[in-house]
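Report on one structure; see the data block that follows.
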2 protein chains.
Amino acid sequence: MALLRVTAACGARGASIDDYLDATELSRPTIYRLLKGLREEGFLRPSPVRHRYLLGYELLVLGAEAGNGASLRDLSRPRLLKLAQSLGDSFYLFAHDGRHAVCLEVQNGAYPVGSFVASIGGRVLLGAGQASIALLASLEPDERDWILAANRDELADRYDIAIDAVEAEIERCREHGYARGVEGSSLPEFTGLALPLLDHSRRCLGAMSCSMLKSRMTPTHREAVLTAMSEQIDELVSQAHGLLRTEP
Amino acid sequence: MALLRVTAACGARGASIDDYLDATELSRPTIYRLLKGLREEGFLRPSPVRHRYLLGYELLVLGAEAGNGASLRDLSRPRLLKLAQSLGDSFYLFAHDGRHAVCLEVQNGAYPVGSFVASIGGRVLLGAGQASIALLASLEPDERDWILAANRDELADRYDIAIDAVEAEIERCREHGYARGVEGSSLPEFTGLALPLLDHSRRCLGAMSCSMLKSRMTPTHREAVLTAMSEQIDELVSQAHGLLRTEP
DNA sequence: GAGTTCGTCTCACATAACGAGACTTAGAGG
DNA sequence: CCTCTAAGTCTCGTTATGTGAGACGAACTC
């Protein structure tokens, strides 16, 4: 697994033996042995640049499956796209994973944005960003509490976000039904909105969020975004519900 | 790796201990030991259904990276989308991997289609499908020859495709600059087109393909699709070229 | 044809994975 | 409330199997 991560970190150029030797404590023969195994399983493949290795296509299959619990990703993809095209902002699908929110899918719109996550698979500490608030607001109280307790220091250090502010936003989200981001020191010029994806039994499947320049967030635009998002979410959830029925 | 594949095969419901016990030769304690390691590395995560395991979100990152050699996937995604929306057919990005073509990205259009690959990560034997032809036509002759030799029996058995027909189509692709599918026994009601993605130095980066109902393939539609695809490809290749320059 | 790097091989050693089975939780169901 | 079953952990003795040092062959560079 360490070798896979090293390979990923080396990007499109591929990883060389020296990259592996530097990044791990393993000896050269051992690395070759492991590499061979990973290649045979399709987890690595030779780079067009000789003597370098790239991540194998078998990981594509696993990656696609990993992000597609309950087909949420496949279902949300065209919807995020539609939102991004019609409204111009960037839209995201997030899932809850321990102390973090994981980005399962992005569609960037015409207007540029900054965001806490760079791309699919990116993680944000729960508490930072509007999607976090939507997720936290939909969790069981005791789970939410331990997460906030666990993240408190890091939120303060890295984002300059206070737990009180997060809890206030969670409360606000409960009342108004949608989440805004908590003001922190990072990304001051951007803002966003998020909505939870709730099961018919009110279990939280994830959150859909959007990010935009603060200057674009007029009351009318906010209304437009919220309306469009909840429309997409309603359709998505009933679609997902229909699919789940066929499964067991 | 076997455990990961078992987990993937179990889908959204998750894999239970018995799934692992049945699918492998390992003992119960060993499975738990391995599962623990995979969980700690983020390659597996607990399912909402107790006592079941799902693929972890760390695989998202690896999967996204694996399919994104030279950023081809990120760059092609919006373009495939545009094509699917404006033309209504389904568009694919393929890469060459050994004896197979791997699907890196799909965008389905409004019209339904059947295809050899189910989804991202799906493999087709080189020789079957129009993307295969485009890839084969762009490979070195000696590599193409061993691939065709290796695939001959399987192509005949599973798809009822003869090597001669494949080679004729490759020749045709060289002349006309685009690939059609080879007629076989499977999917008789569908057809498609494909174009290779060629580097500025004529190295083959992959192939873009499209699939449609035979009834939609009128001469004018064919021209429209080919024109739109090559336009997207030209832009894509020069974009990719620009990115690569920044890398070393 | 000399030099360098890449990948494999051998081998002795000790780590550390293994399975059998006992044990502890934790639910489920009556 | 109490049994019953299944989930997950632990101990332990055995053995295999992965390990590093270093030598070796192969391939590419200059």
Side-chain angles (χ1 to χ4, degrees), chain A residues 1-56 58 69 97-98 139-143 146 201 203 247-248, chain B residues 1-56 58 69 97-98 139-143 146 201 203 247-248:
Chain A
M1 299 190 261
L3 295 185
L4 291 179
R5 269 194 263 266
V6 172
T7 313
C10 288
R13 186 215 304 240
S16 71
I17 297 296
D18 288 327
D19 290 325
Y20 297 120
L21 281 170
D22 293 348
T24 68
E25 304 276 77
L26 302 165
S27 70
R28 205 152 53 105
T30 303
I31 298 217
Y32 279 114
R33 281 188 279 248
L34 294 172
L35 252 40
K36 193 173 156 198
L38 289 166
R39 250 185 304 141
E40 282 166 359
E41 296 285 341
F43 283 57
L44 288 180
R45 65 192 157 103
S47 159
V49 182
R50 291 274 279 218
H51 304 145
R52 286 178 175 269
Y53 299 87
L54 295 169
L55 293 177
E58 204 60 24
D97 185 39
L139 293 175
E140 302 295 321
D142 48 352
E143 183 160 25
W146 83 251
S201 53
R203 226 168 39 84
E247 212 189 298
Chain B
M1 298 188 264
L3 296 186
L4 291 179
R5 269 194 263 266
V6 172
T7 313
C10 289
R13 187 215 305 239
S16 70
I17 296 297
D18 288 327
D19 291 324
Y20 298 119
L21 282 169
D22 292 347
T24 69
E25 304 276 75
L26 302 164
S27 70
R28 206 151 53 105
T30 301
I31 298 217
Y32 278 114
R33 280 188 279 248
L34 294 171
L35 252 41
K36 193 175 157 197
L38 290 166
R39 251 185 303 143
E40 281 166 0
E41 297 285 340
F43 283 57
L44 288 180
R45 66 192 155 102
S47 159
V49 181
R50 293 273 280 219
H51 304 144
R52 288 180 174 267
Y53 299 87
L54 295 170
L55 294 176
E58 205 59 26
D97 186 37
L139 292 176
E140 302 295 321
D142 49 349
E143 182 160 24
W146 82 251
S201 53
R203 224 167 43 81
E247 212 189 299

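Letters A, B, ... mirror the listed sequences (proteins, then strands); counts begin at 1. All values below were derived from every heavy atom in this structure, side-chain atoms included, with hydrogens, water molecules and symmetry-related copies excluded.
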Atom [atom1] of [X] to atom [atom2] of [N]: distance rounded to whole Å?
X       : N      : atom1 : atom2 : answer
B/Asp19 : D/dA6  : CG    : P     : 15 Å
B/Leu21 : D/dA6  : CG    : P     : 13 Å
B/Asp22 : D/dA6  : CG    : P     : 14 Å
B/Leu35 : C/dA17 : CG    : P     : 16 Å
B/Arg39 : D/dA7  : CZ    : P     : 14 Å

(message) Could you go through B/Arg33 and B/Lys36, starting from their C-alpha distance and side-chain angles, then the distance that decides it, and tell me whether this counts as side-chain contact (heavy atoms from CB on, under 4.5 Å)?
(response) CA-CA 5 Å; B/Arg33 280 188 279 248; B/Lys36 193 175 157 197; 5.8 Å; no

To the nearest 10°, give me the bend of the helix from C/dG7-D/dC24 to C/dG30-D/dC1, comparing the axes of its five terminal pairs at either end.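 Taking the rotation axis at each end, their angle is 60°.
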
Tabulate protein N/O versus nucleotide N/O from nucleotides 27-29 of chain C, keeping only pairs under 3.5 Å, one per line.
{"from": "C/dG27", "atom 1": "OP1", "to": "B/Arg50", "atom 2": "NH2", "distance (Å)": "2.8"}

Measure the spacing between OG of B/Ser16 and CG of B/Asp22 and express it to the nearest 0.5 Å.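 CG of B/Asp22 is found 7.5 Å from OG of B/Ser16.
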
Q | Listed partners of B/Arg28 passing salt bridge (charged side-chain N to carboxylate O under 4.0 Å, His left out), at least two apart | A |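 Scan of B/Arg28 (salt bridge (charged side-chain N to carboxylate O under 4.0 Å, His left out), adjacent residues dropped) gives none.
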
For this session: For B/Glu40, enumerate each residue passing the salt bridge (charged side-chain N to carboxylate O under 4.0 Å, His left out) test, keeping only those at least two apart in sequence or located in another chain.
Result: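 Testing B/Glu40 for salt bridge (charged side-chain N to carboxylate O under 4.0 Å, His left out), a comparison that skips the adjacent residues, returns none.
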
Quick one: closest heavy-atom pair of [X] and [Y], and the distance?
X       : Y       : result
A/Leu21 : A/Leu26 : CD2-O, 3.5 Å
B/Val6  : B/Ala23 : CG2-CB, 3.6 Å
A/Gly37 : B/Met1  : O-CE, 4.1 Å
B/Leu4  : B/Phe43 : CD2-O, 3.8 Å
B/Ala12 : B/Leu54 : O-CD2, 3.4 Å

Using the 3.5 Å cut-off, write out each protein N or O paired with an N or O of nucleotides 13-20 of chain D and the distance between them.
{"from": "D/dG20", "atom 1": "OP1", "to": "A/Ser27", "atom 2": "N", "distance (Å)": "3.4"}
{"from": "D/dG20", "atom 1": "OP2", "to": "A/Ser27", "atom 2": "N", "distance (Å)": "3.3"}
{"from": "D/dG20", "atom 1": "OP2", "to": "A/Ser27", "atom 2": "OG", "distance (Å)": "2.3"}
{"from": "D/dG20", "atom 1": "OP2", "to": "A/Thr30", "atom 2": "OG1", "distance (Å)": "2.1"}
{"from": "D/dG20", "atom 1": "O5'", "to": "A/Ser27", "atom 2": "OG", "distance (Å)": "3.3"}
{"from": "D/dG20", "atom 1": "N7", "to": "A/Arg33", "atom 2": "NH2", "distance (Å)": "3.4"}

Original post:
DNA chain D: A/His51 or B/Ile17, which has the more 5' nearest nucleotide?
Top reply: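 So the residue in question is B/Ile17.
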
Under 4.0 Å: is that the gap between some side-chain N or O of B/Tyr32 and OP1 or OP2 of D/dG8?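 Answer yes for this pair, as a side-chain N or O of B/Tyr32 is under 4.0 Å from OP1 or OP2.
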
Requested in this report: Could you list all the salt bridge (charged side-chain N to carboxylate O under 4.0 Å, His left out) pairs where at least one residue sits in residues 41-55 of chain A, not counting sequence neighbours?
Outcome: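 Applying salt bridge (charged side-chain N to carboxylate O under 4.0 Å, His left out) to every pair that reaches into residues 41-55 of chain A, excluding sequence neighbours, yields A/Asp19-A/Arg52, A/Glu41-B/Arg5.
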
*Starting from the C-alpha separation in whole Å, work towards a yes-or-no answer on side-chain contact (heavy atoms from CB on, under 4.5 Å) for A/Ile17 and A/Leu35.*
CA-CA 10 Å; A/Ile17 297 296; A/Leu35 252 40; 3.9 Å; yes

